[in-house]
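Read the structure below first, then the notes.
The figures here come from the full heavy-atom set of this structure, side chains too, leaving out hydrogens, waters and symmetry mates.
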Amino acid sequence: ELSRRTSTKFNGGTSQTYINFTIDTPNEHFPKIAKILSDMLTTDELSEREWIRERKVILQEANMVMAKDDLEPYSFLIENNKTYLKNIDMVGDEKSLKDITTKDLLDYRDKYFITENMVVSVVSKLPFEEVKNIVEREFINKIPSKPENKIEVKKRRYRLPNQQIVRKMSSEVFNITFMFRALKNDEKNEIYSEFEDWYFNGFAGKMFKKLRLRNALVYDTGFENLQLPDLTLKYFTITTSPRNVNKSLDCMSEILRDAIVNGISEEEFESFKEAIKSNRARKTSIKVHSSEDLYYKYVHGKKVFVKNFYEKVNKLTR
């Protein structure tokens, strides 16, 4: 109810090494929402009935993962010479979940949910001191310190396999991904991605124009810059139907070949510069950071911000 009244988005996620909670809320509601999240993290009351209900949801999600037709681009990664075809590893089954009690959950929380294992990232125009006071009051002062239980997040090393992975598709949807290694320099990669995003994405982007408007081959398509620990990827995704796969591949190959062989025209580059100035004036898409970005970059030891981002993008030459 509070989420609905305050236009707040709650989300979260887990990995093998950490759990994160994300809130996106208007500035005025930050103190109230921070308190709610703090209460959730520190409560001593967990309902057995709610936990039984939640277990069913977890098993449903597990079944969805196992039945998922399409693999995400980062499912193709190899780590320590082992191939992982799913980006979500199954770590439990129905029996192991039933064995977990609410007391187990609280014991786990008390052992690992400590200040030494906590990162709080905030993006807001609220004054720093105000944010600091709220974070200290709701998190630092309420969550215990236990240096002996600190967990180090080890860097994971990835490499891309030079192979195709083919799966039988059961639905009328076919997903195609083109994937490339990106620049190792975080700053340069982020600056160039600003241009690539403009060049390929959106209603005026190359992919939408060629694949949807001109040829009606796709419903959805796009370019994305994906940052993983020790590996940054550029990837292009096409969602189409089985009968349009070959035509879509041909169109996408033409788009990439044209970009690589011919580069961009003076006219296109001037349009990009105009778009950047407009974004700056509106202060919209030039703002590329969120608290979630900060969190993942900090955890994985990435460069947090590119200083003078607009000026550096604006200095790009054709």
Side-chain angles (χ1 to χ4, degrees), residues 1-43 72 74 87-88 109 112-143 145 150-153 155-156 186-187 189-191 193-194 197 201 222 224-233 279-280 282-310 312-313:
E1 283 303 309
L2 184 69
S3 174
R4 290 178 68 188
R5 288 201 309 271
T6 59
S7 298
T8 299
K9 296 175 187 173
F10 283 91
N11 209 340
T14 57
S15 79
Q16 297 283 356
T17 45
Y18 52 76
I19 177 169
N20 76 299
F21 306 90
T22 306
I23 55 173
D24 186 337
T25 190
N27 286 312
E28 63 188 289
H29 300 306
F30 177 52
K32 191 185 297 181
I33 300 298
K35 184 179 185 312
I36 292 285
L37 185 57
S38 173
D39 290 346
M40 287 164 61
L41 292 171
T42 58
T43 183
E72 300 290 341
Y74 43 99
N87 64 327
I88 304 175
R109 188 274 314 272
Y112 294 112
F113 281 37
I114 56 175
T115 52
E116 283 79 10
N117 292 337
M118 184 170 62
V119 174
V120 181
S121 55
V122 180
V123 171
S124 172
K125 69 175 184 179
L126 289 171
F128 174 76
E129 283 302 319
E130 186 178 341
V131 171
K132 181 170 176 283
N133 289 338
I134 293 167
V135 169
E136 286 180 347
R137 182 177 71 239
E138 301 300 346
F139 301 108
I140 307 297
N141 297 339
K142 290 184 181 179
I143 294 172
S145 167
K150 180 175 172 61
I151 295 174
E152 296 292 340
V153 178
K155 278 196 170 186
R156 301 178 71 183
D186 289 335
E187 181 171 294
N189 186 64
E190 205 158 314
I191 290 167
S193 294
E194 189 73 13
D197 183 49
N201 279 340
E224 194 163 336
N225 182 49
L226 176 70
Q227 293 193 341
L228 294 165
D230 301 318
L231 180 65
T232 305
L233 303 172
N279 287 339
R280 179 66 167 180
R282 294 202 315 271
K283 295 185 178 179
T284 52
S285 64
I286 202 74
K287 291 156 76 174
V288 295
H289 292 283
S290 68
S291 57
E292 208 167 2
D293 294 331
L294 278 181
Y295 172 81
Y296 285 118
K297 285 186 176 182
Y298 181 86
V299 167
H300 295 301
K302 293 268 187 181
K303 196 175 185 117
V304 174
F305 282 121
V306 178
K307 289 184 179 176
N308 304 317
F309 182 73
Y310 169 72
K312 288 175 180 175
V313 170

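Note that OG1 of Thr42 is 9.0 Å distant from CD of Glu138, once rounded to the nearest 0.5 Å. Taking CD1 from Ile140 and CD1 from Ile134, the interatomic distance works out to 13.0 Å, rounded to the nearest 0.5 Å. Atom OG1 of Thr232 sits about 8.0 Å away from atom CG of Leu226, to the nearest 0.5 Å. Between Glu224 atom CD and Asn201 atom CG the span is 8.5 Å, to the nearest 0.5 Å. Atom OH of residue Tyr295 and atom CZ of residue Phe21 lie 9.0 Å apart, to the nearest 0.5 angstrom.
Taking each heavy atom of Val123 and Leu294 in turn, the nearest pair found is CG2-CD1, 3.5 Å. When all heavy atoms of Leu2 and Ile36 are compared, the pair lying nearest together is CD2-CG1, 3.5 Å.
Within the 4.5 Å cutoff, the side chain of Glu28 has no heavy atoms near those of the Thr6 side chain. Looking at heavy atoms from C-beta onward, Tyr18 lies out of side-chain contact with Ile151 at the 4.5 angstrom threshold. At a threshold of 4.5 Å between non-hydrogen side-chain atoms, the residues Arg109 and Leu41 do not count as touching. In this structure, the side chains of Glu292 and Asn20 come closer than 4.5 Å at one or more pairs of heavy atoms.
The neighbour count for Tyr112 OH, taken as heavy atoms of other residues, nucleotides or ligands under 6.0 Å away, does not exceed 12. Heavy-atom contacts from other residues, nucleotides or ligands closer than 6.0 Å to NZ of Lys35 number 12 or fewer. Residue Lys32 qualifies as open at atom NZ: its count of foreign heavy atoms under 6.0 Å is 12 or below.
Partners of Lys312 under the salt bridge (Lys or Arg N to Asp or Glu O under 4.0 Å) rule, at least two apart in sequence or in another chain, are Glu187.
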With side-chain hydrogen bond (donor to acceptor under 3.5 Å, both in side chains) as the test, would you mind laying out the steps for Asn189 and Asn225 before giving the verdict? CA-CA 9 Å; Asn189 186 64; Asn225 182 49; 3.2 Å; yes
Let's go through Glu194 and Phe309 carefully: what are the C-alpha distance in whole Å and the side-chain angles of both, what is the deciding distance for side chain to side chain contact (heavy atoms under 4.5 Å, CB included) to 0.1 Å, and is it a yes or a no? CA-CA 10 Å; Glu194 189 73 13; Phe309 182 73; 3.7 Å; yes
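A donor-acceptor pair is defined here as one N or O able to donate and one able to accept, closer than 3.5 Å; no such pair exists between the side chain of Arg137 and the backbone of Pro31. Of the possible donor and acceptor atoms, one in the side chain of Ser3 sits under 3.5 Å from a partner among the backbone N and O of Thr8.
Legend: side-chain hydrogen bond (donor to acceptor under 3.5 Å, both in side chains) pairs involving residues 113-123, not counting sequence neighbours, sorted by first then second residue: Glu116-Ser145.
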